[in-house]
> 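Okay, handing you the structure first.
These values consider heavy atoms only, across backbone and side chains, with no hydrogens, waters or symmetry-generated copies. To find a chain, count down the sequence lines: A is the first, B the second, and so on, and within it residues start at 1.
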Number of protein chains: 2
Amino acid sequence: MSTTQNARIRARGEVTAAIKDEARRQLAAEGAARLSLRAVARELGMVSSALYRYFPSRDALLTALIADAHDSLGEAAEAAQDAVAGEAPLRRWTAVCEAVRGWGLARPHEYALVHGSPVPGYTAPRSTAPAAARAPLVLIGVVRDAHRQGALVSPPLPAGLRAGGGRLAAGLAPDLPPETVVALVAAWAQLCGLVGFELSGQFGQFGQFQQVAEDRAPFFRHAVTGLAAGVGLLRESGRPAGTRALGGAGAQAGSPARRPT
Amino acid sequence: MSTTQNARIRARGEVTAAIKDEARRQLAAEGAARLSLRAVARELGMVSSALYRYFPSRDALLTALIADAHDSLGEAAEAAQDAVAGEAPLRRWTAVCEAVRGWGLARPHEYALVHGSPVPGYTAPRSTAPAAARAPLVLIGVVRDAHRQGALVSPPLPAGLRAGGGRLAAGLAPDLPPETVVALVAAWAQLCGLVGFELSGQFGQFGQFQQVAEDRAPFFRHAVTGLAAGVGLLRESGRPAGTRALGGAGAQAGSPARRPT
DNA sequence: GTCTATAACGAGATAGAC
DNA sequence: GTCTATCTCGTTATAGAC
């Protein structure tokens with residue numbers, strides 16, 4: 001009895017996985033806008049109506065793919081952070097950022113699915129939010145540790161942002177200063193911008209820089225070090241993250257950050 | 001003779017413009033991947049084959065739309081910079097960034113066309129590069145002025161990036177230090193990340209912050225002030241841009257920036 | 001109950017003959 | 001330019017196999 005139950009469940013899981021795999025293949029070939037239930041079924045040797053036992057609609061399949069992608073990205077970020085768990089926050093920060101980049105480079109179409117332009121006629125349901133927050137939460141965790149160690153500079157928020165920033169922090173990381181949480185959200189968006197730029201080949205529009213893959217990795221590392229400076233992450237030495245690196249450097253917080261020297 | 005010539009030319013221009021307008025409308029409704037010459041023709045009361053006298057292919061139409069979008073974005077950036085031409089570099093920086101954001105919010109589908117995920121099966125020809133560089137060049141100009149005024153901190157490049165950074169700077173802005181040019185390219189990508197995040201509603205996945213439009217404008221301003229700090233733009237006072245703002249703050253360049261205090 | 005297959009719908013794209 | 005015959009699509013109803 002329960003054995004046939006289990007067999008059924010396992011079979012169902014396998015078919016579901018096969019459907020998603022094939023859908024991902026089509027995603028790469030045609031793009032999310034052209035994902036077609038019929039084509040997936042055809043390629044799998046099934047008939048289109050049979051798919052409806054597994055996904056109630058095309059949009060539901062898309063939603064499942066998006067959730068999977070978010071989870072996979074989150075896992076990659078978590079694994080990267082775990083691999084360097086003992087090291088200094090700044091080192092962990094860059095490791096996680098590079099994991100995000102690496103994940104995107106390895107699966108550009110899934111990255112486009114979650115961080116690219118929205119699919120016309122489709123809006124992701126609220127339920128994908130937790131999975132979507134997984135990767136950024138890893139970065140928040142890194143910064144939280146830095147905050148506990150006192151290795152965090154927290155420049156104040158401008159007046160117009162105090163209320164909103166407070167609300168944001170209350171919902172996302174109540175134990176961190178609102179200004180840090182705001183900076184983190186900005187840094188996450190900026191990180192996605194860096195990765196997205198590389199994936200869509202936009203660096204190609206700026207001189208010879210582009211093609212040379214050897215330049216892009218150090219460029220990215222340099223840039224995310226700047227991002228770390230943007231959230232106030234200090235280097236191990238206690239000096240700001242950007243000190244001998246990119247740009248976030250060059251700014252010393254007015255009063256609260258005056259402590260190194 | 002020449003009058004009929006002119007009339008012909010004018011008519012051709014008008015039809016071309018009408019085609020592009022209709023195509024833009026479809027872009028908004030269906031997305032770039034589904035742009036269809038036939039549908040454009042139908043909506044215009046023409047027959048599809050007639051369109052081929054104006055655009056040799058769907059891809060050519062797409063290319064024209066992309067070029068137009070880049071030009072329009074570039075114009076918006078230039079206008080914003082001209083409107084505050086006399087003011088301090090940091091003020092101009094934020095004005096241009098906000099113009100980019102405003103343009104994207106006003107025409108999200110065209111923004112997706114130029115900065116969103118690539119359209120499957122289509123690659124933009126090399127010829128769109130100059131138009132694409134137009135908006136970022138405005139930011140480069142702002143930073144160039146700051147550099148001339150000595151209001152620029154230039155943190156050094158890490159070893160692995162010196163060669164590539166030098167090549168990049170040579171092609172893009174030979175009169176600026178390579179480290180600044182590298183930081184500028186990173187800042188442009190990050191700016192696109194911020195705008196893209198807002199356009200695709202991803203802020204919605206971080207607590208209540210999202211919907212409240214009143215929060216997003218100051219958030220953006222705050223974030224781009226941090227970006228300015230990232231490229232080493234100083235405030236008018238001579239202190240770093242991020243001083244009482246975002247996060248780029250909190251970092252004082254090791255040696256070359258030690259001048260304020 | 002769980003699944004697959006057949007057939008059909010309305011809408012749209014596409015190809016080719018005229 | 002027009003018309004038509006032939007695709008594809010998402011989705012549903014229905015019938016039958018396990």
> Check every strand shown and say whether A:Phe55 touches a base, only sugar-phosphate, or nothing at a heavy-atom separation below 4.0 Å.
nothing
> Starting at atom CG of A:Leu51, determine the distance to atom C1' of D:dG10, rounded to an integer number of angstrom.
11 Å
> Would you find a donor on one side and an acceptor on the other, under 3.5 Å apart, between the side chain of B:Gln202 and the backbone of A:Val114?
yes
> Would you indicate what A:Leu35 reaches in the nucleic acid, counting non-hydrogen atoms under 4.0 angstrom: base, sugar-phosphate, or nothing?
sugar-phosphate
> What is the distance, to the nearest angstrom, from the OH atom on A:Tyr52 to the P atom on C:dA7?
19 Å
> Under 4.0 Å from OP1 or OP2 of D:dT11: is there any side-chain N or O of A:Arg38 that close?
no
> What's the closest nucleotide to the B:Ser36 side chain, out of C:dA13, D:dT11, C:dC3?
C:dA13
> Can you tell me the distance, in whole Å, between the CZ atom of A:Arg53 and the P atom of D:dG16?
16 Å
> Would you say A:Arg12 reaches C:dC3's phosphate, i.e. side-chain N/O to OP1/OP2 under 4.0 Å?
yes
> Taking CD from B:Glu30 and C1' from C:dG12, how many angstroms apart are they, rounded to a whole number?
10 Å
> By the 4.0 Å heavy-atom rule, please label A:Ala11 as base, sugar-phosphate, or nothing.
nothing
> Check every strand shown and say whether A:Ser48 touches a base, only sugar-phosphate, or nothing at a heavy-atom separation below 4.0 Å.
base
> Roughly how many Å is it from OH in A:Tyr54 to P in D:dT11, rounded to a whole number?
18 Å
> So what does B:Arg34 hit on the nucleic acid, given a heavy-atom distance under 4.0 Å: a base, only sugar-phosphate, or nothing?
nothing
> Quick check on DNA chain D: between A:Arg42 and A:Ser49, whose nearest nucleotide comes earlier from the 5' end?
A:Arg42
> Does a side chain donor of either A:Tyr111 or B:Ser117 reach within less than 3.5 Å of an acceptor in the other side chain?
no
> Are the side chain of A:Trp93 and the backbone of A:Val224 linked by a donor-acceptor contact shorter than 3.5 Å?
yes
> For A:Ile9 and C:dC3, what is the distance between atoms CD1 and C1' respectively, to the nearest whole Å?
15 Å
> Compare the minimum distances between each of C:dT6, D:dC9, D:dT11 and the side chain of A:Leu37, then state the nucleotide with the smallest one.
D:dT11
> Under 3.5 Å, side chain of B:Ser72 to main-chain N/O of B:Asp68, donor-acceptor pair present?
no
> Just the rounded figure in Å: distance from P of C:dA5 to CG of A:Leu44.
11 Å
> To the nearest angstrom, how far is A:Asn6 atom CG from C:dT2 atom C1'?
15 Å
> Using modelled atom types and a 3.5 Å cut-off, is there a donor and acceptor pairing between side-chain atoms of A:Arg24 and backbone atoms of A:Glu110?
no
